[in-house]
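Computed from heavy atoms alone, side chains included, the values below leave out hydrogens, waters and symmetry copies.
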Amino acid sequence: QVQLVESGGGLVQAGGSLRLSCAVSGRTVSTWGMGWFRQAPGKEREFVAGITWSAYATAYADSVKGRFTISRDDAKNTVYLQMHSLKPDDTAIYYCAADSYSSSHFTRLSVDDYDYWGQGTQVTVSS
């Protein structure tokens, strides 16, 4: 049984940083694409960042480009999201997700493309 567990969320002031982690158990993710999504109150879940297996490529939502960095450590079966220069608009529940059918060369952006999901971790950015 594949499980994804996020950690690292919390309350931070605008301009601050957080690093989210997503630990995966039940299967190695070395050949899976991984992604981070977020959902703010009253809004749909949206793509934040993705990384292909072998870390061949990454993709980011325009709203986080230059501020967020996704990375993976396959030896630890863990994916990270480093977030800098946080803004109040970044406040949301952040979800880690796995794409078991991913390409090695591009990351997919749709919620529907991801098979496994974590429970989410709350990120709150105060102004």
If we ignore hydrogens and angles and just use 3.5 Å, is the side chain of [X] paired with the main-chain N or O of [Y] as donor and acceptor?
{"X": "Glu6", "Y": "Gln119", "value": "yes"}
{"X": "Thr91", "Y": "Val125", "value": "yes"}
{"X": "Asp73", "Y": "Thr78", "value": "no"}
{"X": "Thr52", "Y": "Ala57", "value": "yes"}

List for me each residue that meets salt bridge (charged side-chain N to carboxylate O under 4.0 Å, His left out) alongside [X], sequence neighbours excluded, and say none if there are none.
{"X": "Asp113", "value": "Arg108"}
{"X": "Arg27", "value": "none"}
{"X": "Lys43", "value": "none"}
{"X": "Asp112", "value": "none"}

Tell me, do [X] and [Y] make a side-chain contact under 4.5 Å, heavy atoms counted?
{"X": "Val123", "Y": "Arg38", "value": "no"}
{"X": "Val2", "Y": "Val24", "value": "yes"}
{"X": "Phe68", "Y": "Leu86", "value": "yes"}
{"X": "Thr121", "Y": "Ile93", "value": "no"}
{"X": "Leu4", "Y": "Met34", "value": "yes"}

Atom of [X], atom of [Y] and distance for their closest heavy-atom approach:
{"X": "Gly33", "Y": "Ser102", "value": "N-OG, 2.6 Å"}
{"X": "Tyr94", "Y": "Leu81", "value": "CD2-CD2, 4.2 Å"}
{"X": "Val79", "Y": "Ile70", "value": "CG1-CG1, 4.0 Å"}
{"X": "Leu20", "Y": "Gly9", "value": "CD2-N, 3.6 Å"}

Can you sort out the partners of [X] under side chain to side chain donor-acceptor pair (under 3.5 Å), two or more places apart, ordered by chain and number?
{"X": "Arg72", "result": "Asp74"}
{"X": "Ser17", "result": "His84"}
{"X": "Gln82", "result": "none"}

> Given the rule in the side-chain contact (heavy atoms from CB on, under 4.5 Å) test, do Val48 and Met83 qualify, once you have shown the distances and angles that lead to the verdict?
Replying inline: CA-CA 11 Å; Val48 175; Met83 305 185 294; over 6 Å; no
> Please, which pairs that meet disulfide (SG to SG under 2.5 Å) have at least one residue in residues 73-124, sequence neighbours excluded?
Replying inline: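 Applying disulfide (SG to SG under 2.5 Å) to every pair that reaches into residues 73-124, excluding sequence neighbours, yields Cys22-Cys96.
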> Which residues satisfy the ring pair (Phe, Tyr, Trp, His ring centres under 6.0 Å) test with Phe106, sequence neighbours excluded?
Replying inline: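 Once residues adjacent in sequence are excluded, Phe106 has no partner under the ring pair (Phe, Tyr, Trp, His ring centres under 6.0 Å) criterion.
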> Quick one: ring-ring contact (aromatic ring centres under 6.0 Å, His included) pairs with a partner in residues 6-50, sequence neighbours left out?
Replying inline: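 The answer is Trp32-Tyr116, Phe37-Phe47, Phe37-Tyr114, Phe37-Trp117.
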Measuring from [X]:[atom1] to [Y]:[atom2], what's the distance to the nearest 0.5 Å?
{"X": "Ser127", "Y": "Lys87", "atom1": "OG", "atom2": "NZ", "answer": "14.0 Å"}
{"X": "Ile51", "Y": "Thr107", "atom1": "CD1", "atom2": "OG1", "answer": "8.5 Å"}
{"X": "Thr124", "Y": "Asp90", "atom1": "OG1", "atom2": "CG", "answer": "11.0 Å"}

> Can you check side-chain contact (heavy atoms from CB on, under 4.5 Å) on Tyr60 and Thr69, steps first, answer last?
Replying inline: CA-CA 8 Å; Tyr60 298 91; Thr69 302; 3.8 Å; yes
> Who pairs with Ser54 by side chain to side chain contact (heavy atoms under 4.5 Å, CB included), at least two apart in sequence or on another chain?
Replying inline: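 Residues passing side chain to side chain contact (heavy atoms under 4.5 Å, CB included) with Ser54: none at all.
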>> Just to verify, what does Asp89 make a side chain to side chain contact (heavy atoms under 4.5 Å, CB included) with, not counting sequence neighbours?
In response: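 Asp89 satisfies side chain to side chain contact (heavy atoms under 4.5 Å, CB included) with no other residue.
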>> If the threshold is 4.0 Å, N to carboxylate O, is there a salt bridge linking Asp62 and Lys65?
In response: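 Here Asp62 pairs with Lys65 in a salt bridge, since their nearest N and O are under 4.0 Å apart.
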